[in-house]
Trainee: 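Have a look at this one.
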Amino acid sequence: MKPLKATREQIRQHNRQLMLRAVSTGLADNRAALAAETGLAKPTVSDLIGELIAEGLLVESGRGESTDSGGKRPTLIKFVPNARQVIGVSLDNGRAFAVLSNLAGQVIAQHYDELENCQGDEAIAVLTDVINGLVAQLDAPLLCIGVGVPGVVDVRGGIVVDSQPLGWTNFALVERLTRQYKVPVYTGNSAELTALAQYAFGLNSDEDSSNLVTVLVTNSVEVGITLDGTAYHQGGDISGLREGAVERLDTRLGWPAVQARIAELRAEAAQTMLPESGVTYMHVHYAAMNGDAAAQQLCDELSTSLAQIMAWIIGLLRPNHVSLAGPIVNLGEPFLNQIIAKAEAMLWPKVSDRVTFSLAYSGNLSAIGAAALALHRELDIL
Amino acid sequence: MKRGISVFTNYASAVFQRDVIAGAREVFDSFGYPVTVLEITTTPTHLSDVGLDERRIAGGLVITGVLPDAVLIDLHERDVPLSLVSHQIPGSHIPCVMPNNRQGIAMLMEHLVVANGRTKPVFIAGYDTQNDGIQRYTAFQQEAMRYNLHVPPEHILRGDFTPEVAAESMRQFLASDPDFDSVVAADYLMAEAAMSVIRASGRNIPSDVAVVGFGDAPEAAQAGLTTVAADVTELGRRAARQLIGQIEGLRIRGLTLLSTELIERAST
């Protein structure tokens, strides 16, 4: 079978992205250096740079130093991160949460609304009303939109194959939003995008995030994976997997199930610090820290389930780093330490010793990941 | 000529309201919308009670809960574009703009507990019926749990976003010879008032008591107050954009959040 040839337009698009990435990452800051770094001919570089300057994505900014051979001082080229803005939206944890960012991934504004168990067309209405909330805040042209959803997503086709929380099956999300907003739209699974956000913007300076797995626990349980710095698009919702051949994971770890279990433990306890209504993971954390038996029992059960998931992930994929995300992170470091201890007990030390763990506290990581996905696909600068 | 926009507020010259209106005016002016600021002094049951016909306005910007929820819901149902500033109506789809209260309080508590080792905070609350007041108090409770701080009920002081009320609450609290090492006030004016009372009692700030507030202004800087800044003028600008977006055809629901940033000064 003959390999497909790239079209002229694809080559041009690829070369534009090369220029943008080279300038935005500081690899090269003038036309001659760009030609040397990218291997493209100088006239090609000049044409592309001219185009990008005309579009406002790059700007000429003063003169650099002469080369050693004493030639003319080159005109410097700078990336303009505020030339365009990107909207990233995440639909999970009962909310549609959106961020407006510039091309450097800096968040300029945030907007959200509750999904209130909306499904089908109602969920689409919430999504577009929230996107509109940030369209109203644009102060640069909108470049593209990224959307993270819970469930199985056909990333290439832009189709939500199956999202039970949203009631979408084979829904052509990208086509729907592209028609309304007239910009490129990209979509992915929420957990994948959480992992992508952590990879793109770094966990912290000490952590290697090139092989990263994020376990996102909200109303469902999802896994996002980046391998060698690339998002693995076959990750996603594992809520339907069964634990102990009996229970689905979400019937033990999903927030509705956790709330029900808290109610059971409260009823069984002689006394407890857990409130009768309005309980949050923070209440459980506080109660557990203060010796509340019901809270500690709950943490023990949840950590056992998560340890099993993480042990399988570590044993199979050998990631550098595993992070836990979602409101469950408010159970805090003691909870994470419980999970780690249990997971390590299931693994060979040579395997588990190489892995670092963290809690991903940011509530909008998935939305940031959606913006990062859109930026990466559109401009390849993250 | 475009129809005008009405801005509804209680005290147009109060610091918060003044800055919101200034930011909103910048944006309305740039889009060519005439602006009328209406000070509401008595609670209306209908827009006509304040001399307005909603058919004659392009939309309304409502600062805090100055118009009753029932009036706002009625206007919204009759497709009058509205944006609320620092107010939210549960169950309604009227969009609003607010500072990120949860983020701001989380920053303050991390600063007090982690950076400054304080473990016995007192909280001076805003209005318990107003969104910012409710959210900041809820966030304080959550953050206290995060750091396993035991905050007794008597450490929650009434402030009503009013410096005089905050000062009196702090006087009464100090009279009980309490054991505390820090104060988190739901706004910077209440924090300043508390600082005066604390100093007058012979306690040193920050060595005896660290104090933090919410919101920033030259007065906060002069007082040396550590606080989280939510740019109130930007709040006004964002609210104006949200309203103009609706006037120009976008259907918007939900809440636009403005990020806060920690400003460290001598009070911690």
Side-chain angles (χ1 to χ4, degrees), chain A residues 89 95-101 106-116 118 122 125-139 180-181 273-275 278-292 295 327 329-334 359 361-364 367, chain B residues 26-27 30-31 59 81 83 88-103 106-107 109-110 114 138-151 231 234-235 237-261:
Chain A
V89 195
R95 273 190 179 174
F97 197 106
V99 297
L100 179 67
S101 84
Q106 292 164 327
V107 175
I108 293 156
Q110 301 174 82
H111 189 93
Y112 75 88
D113 199 12
E114 307 296 335
L115 278 166
E116 295 169 339
C118 286
E122 287 178 353
V126 176
L127 170 61
T128 54
D129 289 355
V130 164
I131 292 174
N132 289 343
L134 290 180
V135 168
Q137 302 297 339
L138 287 169
D139 42 30
Q180 179 161 350
Y181 295 102
M273 296 169 71
L274 296 172
V279 70
T280 64
Y281 280 115
M282 200 69 83
H283 288 101
V284 176
H285 160 75
Y286 181 72
M289 295 277 281
N290 286 278
D292 185 277
V329 303
N330 285 326
L331 291 176
E333 296 288 336
L359 298 171
Y361 277 105
S362 172
N364 60 7
Chain B
E26 269 180 42
V27 175
S30 72
F31 279 81
S83 279
Q88 201 177 4
I89 302 175
S92 132
H93 294 314
I94 304 172
C96 47
V97 181
M98 298 183 90
N100 194 335
N101 289 309
R102 192 185 59 79
Q103 178 197 44
M107 283 177 169
M109 291 293 282
E110 185 184 32
V114 177
T138 303
F140 172 78
Q141 288 177 305
Q142 289 275 304
E143 294 305 311
M145 284 192 282
R146 184 189 305 282
Y147 297 110
N148 199 23
L149 305 180
H150 307 286
V151 182
D231 185 339
E234 182 66 11
L235 196 67
R237 291 189 199 104
R238 295 279 175 205
R241 284 176 181 273
Q242 188 184 80
L243 181 59
I244 289 170
Q246 294 175 84
I247 291 168
E248 298 191 347
L250 290 174
R251 193 178 71 193
I252 297 174
R253 57 190 279 174
L255 171 56
T256 296
L257 282 174
L258 250 71
S259 292
T260 55
E261 65 167 322

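All values reported here derive from a predicted model rather than from experimental measurement. Chain identifiers are assigned alphabetically (A, B, ...) following the order of the sequence lines, protein sequences preceding nucleic acid strands; residue numbering begins at 1 within each chain.
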Trainee: Could you pull out the closest heavy-atom pair between B:G245 and A:A136, with the gap in Å?
Mentor: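 That would be CA-CB, 4.1 Å.
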
Trainee: Measure across A:H111 and B:R253 and return the closest heavy-atom pair with its distance rounded to 0.1 Å.
Mentor: NE2-O, 2.7 Å

Trainee: Hey, is the main chain of A:N330 close enough, under 3.5 Å, to the side chain of B:R146 for a donor-acceptor pair?
Mentor: no

Trainee: Hey, what do you get for CE (B:M145) to CE (A:M289), rounding to the nearest 0.5 Å?
Mentor: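 The CE atom of B:M145 sits 12.5 Å away from the CE atom of A:M289.
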
Trainee: Is any side-chain heavy atom of A:D113 closer than 4.5 Å to one of B:H93?
Mentor: yes

Trainee: What option among B:L250, B:L257, B:N148 has the most heavy-atom pairs under 4.5 Å with chain A?
Mentor: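 The candidate making the most pairs under 4.5 Å is B:N148.
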
Trainee: I'd like to know which of B:R237, B:Q242, B:Q246, B:Q141 tops the heavy-atom pair count under 4.5 Å against chain A.
Mentor: B:Q242

Trainee: Give, as side chain, backbone, both or neither, the part of A:I108 having an atom under 4.5 angstrom from any heavy atom of chain B.
Mentor: both

Trainee: Checking A:A287 against chain B: side chain, backbone, both or neither under 4.5 Å from a heavy atom?
Mentor: neither

Trainee: Identify, with sequence neighbours excluded, every residue that meets ring pair (Phe, Tyr, Trp, His ring centres under 6.0 Å) alongside B:H150.
Mentor: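 With sequence neighbours excluded, B:H150 shows a ring pair (Phe, Tyr, Trp, His ring centres under 6.0 Å) to A:Y286, given in chain and number order.
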
Trainee: Would the distance check show the side chain of A:Q137 and the main-chain N or O of B:R238 forming a donor-acceptor pair, the cut-off being under 3.5 Å?
Mentor: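 Yes; at least one donor-acceptor contact below 3.5 Å.
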
Trainee: Judged by atom type as modelled, is there a donor-acceptor pair below 3.5 Å linking the side chain of A:N132 to the main-chain atoms of B:I252?
Mentor: no

Trainee: Is B:L149 close to chain A through its backbone or its side chain, or both, or neither, when contacts mean heavy atoms under 4.5 Å?
Mentor: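 Interface part for B:L149: backbone (N, CA, C, O).
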
Trainee: Let me know if B:L258 has heavy atoms under 4.5 Å from chain A in its side chain, its backbone, both or neither.
Mentor: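 For B:L258, no heavy atom lies under 4.5 Å from chain A.
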
Trainee: Name the region of A:E114, side chain, backbone, both or neither, that has any atom closer than 4.5 Å to a heavy atom of chain B.
Mentor: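 The backbone, not the side chain.
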
Trainee: Hey, which of A:D129, A:L100, A:N290, A:T280 has the most heavy atom pairs under 4.5 Å with chain B?
Mentor: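 Heavy-atom pair counts peak at A:D129.
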
